[in-house]
There are 4 protein chains.
Amino acid sequence: MTEMEQKTRIPQQKRSIETKNRILAAAKDQFAKNGFHGTNAKEIAAAAGVSVGSFYSYFKDKKELFMEIFREHIEEKVVRILGEHQVDPDNRRESVYRLIKAMLDAHDPYPQFHREVLAMRYSDPEVEAAFTEMDQHSLGHVERFIEQFRDKLRVKDIKTAARIVSAAVEEIICSITIFGQDEDADRLIDGLADMIHRYLFD
Amino acid sequence: MTEMEQKTRIPQQKRSIETKNRILAAAKDQFAKNGFHGTNAKEIAAAAGVSVGSFYSYFKDKKELFMEIFREHIEEKVVRILGEHQVDPDNRRESVYRLIKAMLDAHDPYPQFHREVLAMRYSDPEVEAAFTEMDQHSLGHVERFIEQFRDKLRVKDIKTAARIVSAAVEEIICSITIFGQDEDADRLIDGLADMIHRYLFD
Amino acid sequence: MTEMEQKTRIPQQKRSIETKNRILAAAKDQFAKNGFHGTNAKEIAAAAGVSVGSFYSYFKDKKELFMEIFREHIEEKVVRILGEHQVDPDNRRESVYRLIKAMLDAHDPYPQFHREVLAMRYSDPEVEAAFTEMDQHSLGHVERFIEQFRDKLRVKDIKTAARIVSAAVEEIICSITIFGQDEDADRLIDGLADMIHRYLFD
Amino acid sequence: MTEMEQKTRIPQQKRSIETKNRILAAAKDQFAKNGFHGTNAKEIAAAAGVSVGSFYSYFKDKKELFMEIFREHIEEKVVRILGEHQVDPDNRRESVYRLIKAMLDAHDPYPQFHREVLAMRYSDPEVEAAFTEMDQHSLGHVERFIEQFRDKLRVKDIKTAARIVSAAVEEIICSITIFGQDEDADRLIDGLADMIHRYLFD
DNA sequence: GATGAATGAGTATTCATTCAT
DNA sequence: GATGAATGAATACTCATTCAT
């Protein structure tokens, strides 16, 4: 972070940045296809069209590369999309529905990669930390969402309610993006919106 | 002798059964502590107090051992406990609460191992298959639960409702057993029971 | 050999001898099918219907078992059959033909095992020694055969002639028993008989 | 890079080619000294002065390495030398003698390796296939040799005669290169030339 | 005696990472 | 800077042999 020994290069030139991005994209691909443990440096380098040597001049190791992809994912998708979500205080059911939709959109369009992240969440502390951070965002968002309806709420403990709502949405979204058929998706989201709406307000 | 080509030993003698169980127990420990990829055959054998040779005479490989532990988990816990759960049709809120409790009990008392299973669910098809099977049990259980209140329901599509309820419960349970502090647990379960109760009946 | 430490049992009782023979037969089978390196003690024991433990109480190791089978082969087949071969001094061409036939008969009816012995001949000194001994028998036999026609011979150096004839017969027999089709066999033997006959007498 | 999934490296650079050749040479040595089963990857790598990793980046496994050495042997020696052998139709005995000499030259100057190849011929189908191919060359050569004397022949069936002559030469050569003392060699070759000469023409 | 469970040294093989060119 | 050859520690797995029951 400070200027101390600079092992991996911070790319300044345009070509360099492009190379790094190519590696990131290729790695995301590979991780999604074969998982973290099922992907090796040679494959990533080959898929990115660079040499292993180059690979290691951009990333300290496979793990760092993984974390960089993951962090990028968090920033790009979650923070940005969640940040933009707006609430209509007069239409609560619709607002709940839109909350779910926003969280669904915030999910990786790359579900296979998400799958892998979930896998590592449980076995790697660093991944878990990043995950927790991401969850905090999500949780905070839901909390703020609920708070906007403060005086119309059936629940008293907003923090707990937010965790429950968050968890339910997360899991349904997960099952939709990873295993779900599209036909089911709409019914599930509708049902979920009903459940949350009734829980919070009805 | 009579069986054709028996690659892995099927233990008959008491000593043999004990050895196999020692390996199973030790492996569960190790997987929970260090994850599937972070555990190797030698370590498992050492932890079980047996030789690598013994390990491989009982299990084709690490994967098979893992699956055996997981299947045992499914049978012992899920099927048995879920099977026993009884419903009180006059007290719906209480019934929901007891459903959640039953599903919580059905979870592994070995949360670290559960954590690892979750990790593999997403990267290994065989694990996912077993997981799906387990989910079907859970889903079926929830479906039957809901059906018992058929004429008092607010929801029409029982199958979809069951999936939503299942998912919500699963995720909350997960966050309780893995990350949750005990203080939170009760509030979460109560809130969850409220949510489901309101969704289905209120 | 002397009474010194008796590691492997010398079977006295009938049942014991039978067991040992069962192991020998099973091993010959396995060696023929999968080769020395492709056969393990467990398989041999299983094929013989005994335990590995028993196996090792009859044979010091796999190698000793192999040598025992090989020596038995030499004694039973080679010595016995070659010993019985008779010559008709008035019909030389016919005698040559009968010599070849006798040597063909002396070959293992178990060509796959012979194949394996050949393989080991080149990589194991002990096998080579036994093989050489066997060759000496064969060579001696051919020498005595040639000597019976001493005054009618075209060749002077009988020892060398015997080696040449021996080698030629060996190789043709080998190609017949291992690779040859039966249709070819007769023509080859006839041609071989011609060649040897012309070489020695014609 | 452009090629799909290249498992073992195809050496382009000079350094790389040298390394591969060092491994090939060292392996030939080791196989000759200790046989195929008596040699392991680590030893070969050490003898070649490279790491095991390098070994496996050039060869899928020990077997592939072995086959590569063997095929090289066939091409370099057999095809080339046999191809060059010329016949003098007016001096038949001398031609036979030169045939034998040519076939002797075509044999590996590395008799210990040849020994090992023979060993594997009988237990490994792939080796046998290559061997058969090599034999076909040899057989074809002998057939063409005999055909050049067509009208002076005592034998009618040239194909059968070629097999017999081939076999006899092969075996004598074998016994000369592997077991034979040099003193014997000349006498054996002379006798062999006599035998074949008499068989074909005399 | 017989059994087959247990042993562990030995072998093949992979792959993250380094470094000479 | 880039390359890809080289490294070798790490790991899975086998099997001849021993030994407790």
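Chain A is the first sequence line, chain B the second, and so forth, proteins listed ahead of strands; every chain is numbered from 1.
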Write down the atom of [X], the atom of [Y], and the distance for their closest heavy-atom approach.
X       : Y        : value
D:Gln30 : D:Ala47  : NE2-CB, 3.6 Å
D:Val50 : D:Arg22  : CG1-NH2, 3.5 Å
B:Ala32 : B:Gln112 : CB-CB, 3.3 Å

> Can you check side-chain contact (heavy atoms from CB on, under 4.5 Å) on B:Ile44 and B:Phe31, steps first, answer last?
Replying inline: CA-CA 9 Å; B:Ile44 295 171; B:Phe31 287 146; 4.1 Å; yes
> Just to confirm, is there a sub-4.0 Å distance from OP1 or OP2 of F:dA6 to any side-chain nitrogen or oxygen of D:Thr19?
Replying inline: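 True: D:Thr19 side-chain N/O within range (under 4.0 Å) of F:dA6 OP1/OP2.
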>> So, does D:Tyr56 get its side chain near the phosphate of E:dT14, meaning an N or O under 4.0 Å from OP1 or OP2?
In response: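 Answer no for this pair, as no side-chain N or O of D:Tyr56 is under 4.0 Å from OP1 or OP2.
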Rounded to the nearest Å, what distance is computed from the [atom1] atom of residue [X] to the [atom2] atom of nucleotide [N]?
X       : N      : atom1 : atom2 : answer
C:Glu18 : E:dG1  : CD    : P     : 15 Å
D:Phe36 : E:dT11 : CZ    : P     : 13 Å
C:Lys60 : F:dT18 : NZ    : P     : 9 Å
A:Tyr58 : E:dA16 : OH    : P     : 20 Å
C:Phe59 : F:dC15 : CZ    : P     : 21 Å
B:Glu64 : F:dC13 : CD    : C1'   : 13 Å
D:Gln30 : E:dT11 : CD    : P     : 13 Å

>> What's the separation between atom OH in D:Tyr56 and atom CD1 in D:Ile23, rounded to the nearest 0.5 Å?
In response: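 One gets 11.0 Å once the value is rounded to the nearest 0.5 Å.
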> Roughly how far apart are D:Ser54 OG and D:Phe59 CZ, rounded to 0.5 Å?
Replying inline: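 Those atoms lie 11.0 Å apart.
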> Which one, F:dA16, E:dA2, E:dA12, comes nearest to the side chain of C:Lys62?
Replying inline: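 Ranking F:dA16, E:dA2, E:dA12 by closest atom to the C:Lys62 side chain puts F:dA16 first.
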> Can you give the dot-bracket line for DNA chain E, using ( ) for pairs inside the strand, [ ] for pairs that cross earlier ones, | for pairs with another strand and . for unpaired bases, where Watson-Crick and G-U count if both distances are under 3.5 Å?
Replying inline: .||||||||||||||||||||
>> Run D:Leu118 and D:Phe131 through side-chain contact (heavy atoms from CB on, under 4.5 Å) and show every step you take.
In response: CA-CA 9 Å; D:Leu118 277 177; D:Phe131 225 103; 3.6 Å; yes
>> Under 4.0 Å, heavy atom to any atom of DNA chain E: which of residues 37-55 of chain B qualify?
In response: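 Contacts with DNA chain E under 4.0 Å: B:Val50, B:Ser51, B:Val52, B:Gly53, B:Ser54.
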Can you list, pair by pair, the side-chain donor-acceptor contacts under 3.5 Å of residues 62-75 of chain A, counting residues two or more places apart and other chains?
unit_1: A:Lys62; atom_1: NZ; unit_2: A:Phe36; atom_2: O; d: 3.0
unit_1: A:Lys62; atom_1: NZ; unit_2: A:Thr39; atom_2: O; d: 2.8
unit_1: A:Lys63; atom_1: NZ; unit_2: A:Asp124; atom_2: OD1; d: 3.1
unit_1: A:Lys63; atom_1: NZ; unit_2: A:Asp124; atom_2: OD2; d: 2.8
unit_1: A:Lys63; atom_1: NZ; unit_2: A:Glu126; atom_2: OE1; d: 3.1
unit_1: A:Glu64; atom_1: OE2; unit_2: A:Lys60; atom_2: N; d: 3.2
unit_1: A:Glu68; atom_1: OE2; unit_2: A:Lys20; atom_2: NZ; d: 2.9
unit_1: A:His73; atom_1: ND1; unit_2: A:Asp108; atom_2: OD2; d: 3.2

> DNA chain F: C:Lys63 or B:Asp61, which has the more 5' nearest nucleotide?
Replying inline: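 Comparing both residues, the 5'-ward one is B:Asp61.
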>> For C:Val52, give me all partners under side-chain contact (heavy atoms from CB on, under 4.5 Å), at least two apart in sequence or on another chain.
In response: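 Listed in chain order: C:Ala41, C:Ala45.
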